[in-house]
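Beneath this line is the structure, given in structure tokens, with notes to follow.
Quick caveat: nothing in here was measured; it's all calculated off a predicted structure. Starting from 1, each residue takes its place in the sequence as its number.
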Amino acid sequence: MLVYAGTAYNNSGLHENAAKSFAEAYDLLVSFRSRVNEYPFRVFPLLDELSKQESETGSFEEGDRAIGRAQLSALNGLSIAHRALGEYSKPIKYLRATYSPSVAEQFSEVELDVVINLGDTYLLADQYSEGIEVFKENIDVLDSLGKDSESGSLSASFYIQKAVLSNYLARFHIRSNRLDDGKRFQDEFLKFAEQAMRSAAEENAADIEKIYFYLLSGLGDSFLSAENYSEAEAIYEQALAFGSSLLGSHSEVEHQVLENISLINSNLGFLHYQNQDFSKSSEKLDASIQSLSILSPVLDDSNSLIPSRIQHSNFQLFQKLLVAQNRPVEALSIAERARNYTFGEFSLNLDSSFDSFQLPEAVNLSKQDISAAAIAHNATIVYYSIVSETEVFIWVIRPEAGENAIQFRRADLSTDASALGLSFPQNTPRSLSSFIDRGRQSTALAQLVRGTRSSFGIDDATAAGMAFSERDQQAYLQGLHQLLISPIADLLVDIPNDRVVFIPEGPLALVPFPALLNQDSERYLVEDFTISTASRLWTFIDSANSHNSTSSSGISQAALSPEEVLIVGDPVMPSVSFSPTTKPTKLQAIEGSREDATEIEAIL
């Protein structure tokens, strides 16, 4: 259970929790293995994350091997968690001590994952020279074992180990700008991979082909990182051809193959974007999005994280691609499609009464659709889309017709908060409970959102014993105003009815927009505007078109059924702090809200 818990934590981005679970699992399994003869053999296979099958022979030796594989699963998960936290020395130490080249025919996939994890860790740590030294040593040991093999014939496990080691040696050399050596090891990798696939038993063929496909695409990744785009494209196209041949042949690996195909197409989209070949970039991104659209409905929470990240990366790059072509309205349509995709992911986890709920994922919104939404609600809509860790796109949609109804701006998030010319408290704690802290830690956005929430008594600051003055709180609110409002301040002058609807994304949903403070005027945003927030633009477009049978984009309209409406009344009220120096107090119930909800229910 600890291994499964660690995997769930890794998939959720809670890598510190994952590291703790995997470490406990590993220590427990070491203890089990040292006392193997004291336990019934049927317990051991249940610990084996990979096979999940009972022992056929019932031998203590088989139980011992099962625990050993479970240990490796815990170790692999532990290394992934540490890598995600930017800690590379521990995974390298653990994995180096664990991997031992072998010519045994029973060399398992989880043992091979140790080698792959070690190679990936060296790549992420930019420790190419050490990686070359260690992987060459392992190749020499493996060659020596091969020469001494009593059988005289070498197994598929020998060749696939050689292929893995050669693949990473090629990648280390490519990343070190030693292209000739990289190409030499690339040829070695292709040769040994072919021998492994030829000599593999039928029951192992799918696993070896999947590993080859993963390694081949990884080779393309290294060329891409080295900005050797022509070589990267050639390798990626080779990998796509091989991956496509696997579809339909091995159902047990089809999901993983389709996921890797989508990632390759996504990387090719980026490659062509970098080469300013926008037509090819669009083609590859479309292919990646379509692959993931096929894949998403059949995934559960345990294996949907990576496809979700690829898809969001596709939508982000697509927006940048369209803006680069001076097509900001189309970029907004893609941003909203990404928002609907996120909402769709969430709705898949709701109960079965929502199974028939369909989202307009592929809708192409026109300028008229978007403008009509603002006009219908007589409000200026401010739409944010985070396209990278350091950049956010902003659209301001005024409630009017004409060329200037939709304006586009960018905001730079790359700066450190200290560069904003404001004074902030030092050492604001990270919040393990907030997704603002699951990515880049040093951006001004992360620092300011974290600090703002802490100054309001939210997250971990109070528990850490930190105290914030009113000036501290104002500094955070001024910083967020500079980042998110200043780039569009001129577009918010003389807006009709002073109504503004903010549609934030991701960590921006944690921003208290009404409380943002203008450093020059010393006025809070709520003093100048009537402010509300929404999760998606589609909500407003749907409402604006509710009196028409069809919108200009071809979207059919239908009245909401009672099952699709959530009415909230008489909620449990939270405790809040009304100043940085006072303790939180529980809010009073909203008088009459239960009766209001009941009356609305009767109307529907």
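Nearest heavy atom pair, residue Pro91 against residue Thr121, reads CB-CG2, 4.1 Å. Shown here for Arg178 and Ile132, the closest heavy-atom pair between the two residues is NH1-CD1, 3.8 Å. Arg409 approaches Pro487 most closely through the heavy-atom pair NH1-O, 2.8 Å. Of all heavy-atom pairs spanning Phe278 and Ala324, the tightest one is CZ-CB, 3.9 Å. Contact detail for Leu483 and Leu448: the closest heavy-atom pair is CD1-CD1, 3.7 Å. The two atoms that bring Pro507 and Leu445 nearest to each other are CG-CD2, 4.3 Å, heavy atoms only.
Between the side chain of Asn167 and the backbone N or O of Leu215 there is at least one donor-acceptor pair closer than 3.5 Å. Between the Ser262 side chain and the Ser288 main chain, no donor and acceptor come within less than 3.5 Å of each other. A side-chain donor-acceptor contact under 3.5 Å links Gln161 to the backbone of Ser157. Remark: the backbone N or O of Leu322 is not paired with any side-chain donor or acceptor of Arg327 at under 3.5 angstrom. Looking only at distances, no side-chain donor or acceptor of Glu391 sits under 3.5 Å from a matching main-chain atom of Asp412. Using a distance-only test at 3.5 Å, with no hydrogens or angles considered, a donor-acceptor pair links the side chain of Ser166 to the main chain of Lys162.
One finds the CG atom of Leu190 at 7.0 Å from the CG atom of Leu216 (value rounded to the nearest 0.5 Å). Note that CZ of Phe189 is 11.0 Å distant from CG of Asp187, once rounded to the nearest 0.5 Å. Distance check: Gln325 CD to Ser281 OG gives 8.5 Å after rounding to the nearest 0.5 Å. In this structure, NZ on Lys93 lies 12.5 Å from CG on Leu95, to the nearest 0.5 angstrom. A distance of 5.0 Å separates CG of Leu118 from OH of Tyr122, quoted to the nearest 0.5 Å. The CG atom of Leu292 sits 6.5 Å away from the CG atom of Asn314 when rounded to the nearest 0.5 Å.
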Set out, in order, the CA-CA distance, both residues' side-chain angles and the distance that settles side-chain contact (heavy atoms from CB on, under 4.5 Å) for Leu165 and Leu142, then state yes or no. CA-CA 10 Å; Leu165 294 168; Leu142 195 59; 4.2 Å; yes
Apply side-chain contact (heavy atoms from CB on, under 4.5 Å) to residues Ile261 and Leu247 and explain how you reach the verdict. CA-CA 10 Å; Ile261 285 175; Leu247 295 176; 3.9 Å; yes
Between Tyr128 and Phe135, does a ring pair (Phe, Tyr, Trp, His ring centres under 6.0 Å) hold up when you go through it step by step? CA-CA 10 Å; Tyr128 310 132; Phe135 274 59; over 10 Å; no
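Between Ser388 and Gln316, the side chains place no donor N or O within less than 3.5 Å of an acceptor N or O (distance only, hydrogens not considered). Side-chain contact check for Tyr168 and Asp120: at least one donor-acceptor pair (N or O, by modelled atom type) lies under 3.5 Å. Defined by atom type and a distance below 3.5 Å, a donor-acceptor pair is missing between the side-chain atoms of Tyr273 and Asn275. Of the N and O atoms on the side chains of Tyr214 and Asn260, not one donor lies less than 3.5 Å from an acceptor on the other residue. In this structure, a donor-acceptor pair under 3.5 Å is absent between the side chains of Gln127 and Tyr88.
Classified by interplanar angle (parallel below 30°, tilted 30° to 60°, perpendicular above 60°), the ring pair Phe242/Phe213 is tilted. Aromatic ring pairs are classed by plane angle as parallel below 30°, tilted from 30° to 60° and perpendicular above 60°; the pair Trp395 and Phe408 is tilted.
Salt bridge annotation for Arg337-Glu330: absent, with no cationic side-chain nitrogen under 4.0 angstrom from a carboxylate oxygen. With salt bridges taken as basic N to acidic carboxylate O contacts below 4.0 Å, none links Glu188 and Arg184. Note on Arg175 versus Asp126: no salt bridge recorded, every NZ/NE/NH1/NH2 to OD/OE distance being 4.0 Å or above.
Between Tyr229 and Tyr236, the distance from one ring center to the other does not fall under 6.0 angstrom. Ring centroid separation for the pair Phe393 and Tyr384 does not come in under the 6.0 Å cut-off.
Both tests pass for Arg339 against the ring of Tyr383: distance under 6.0 Å to the centre and angle within 45° of the axis.
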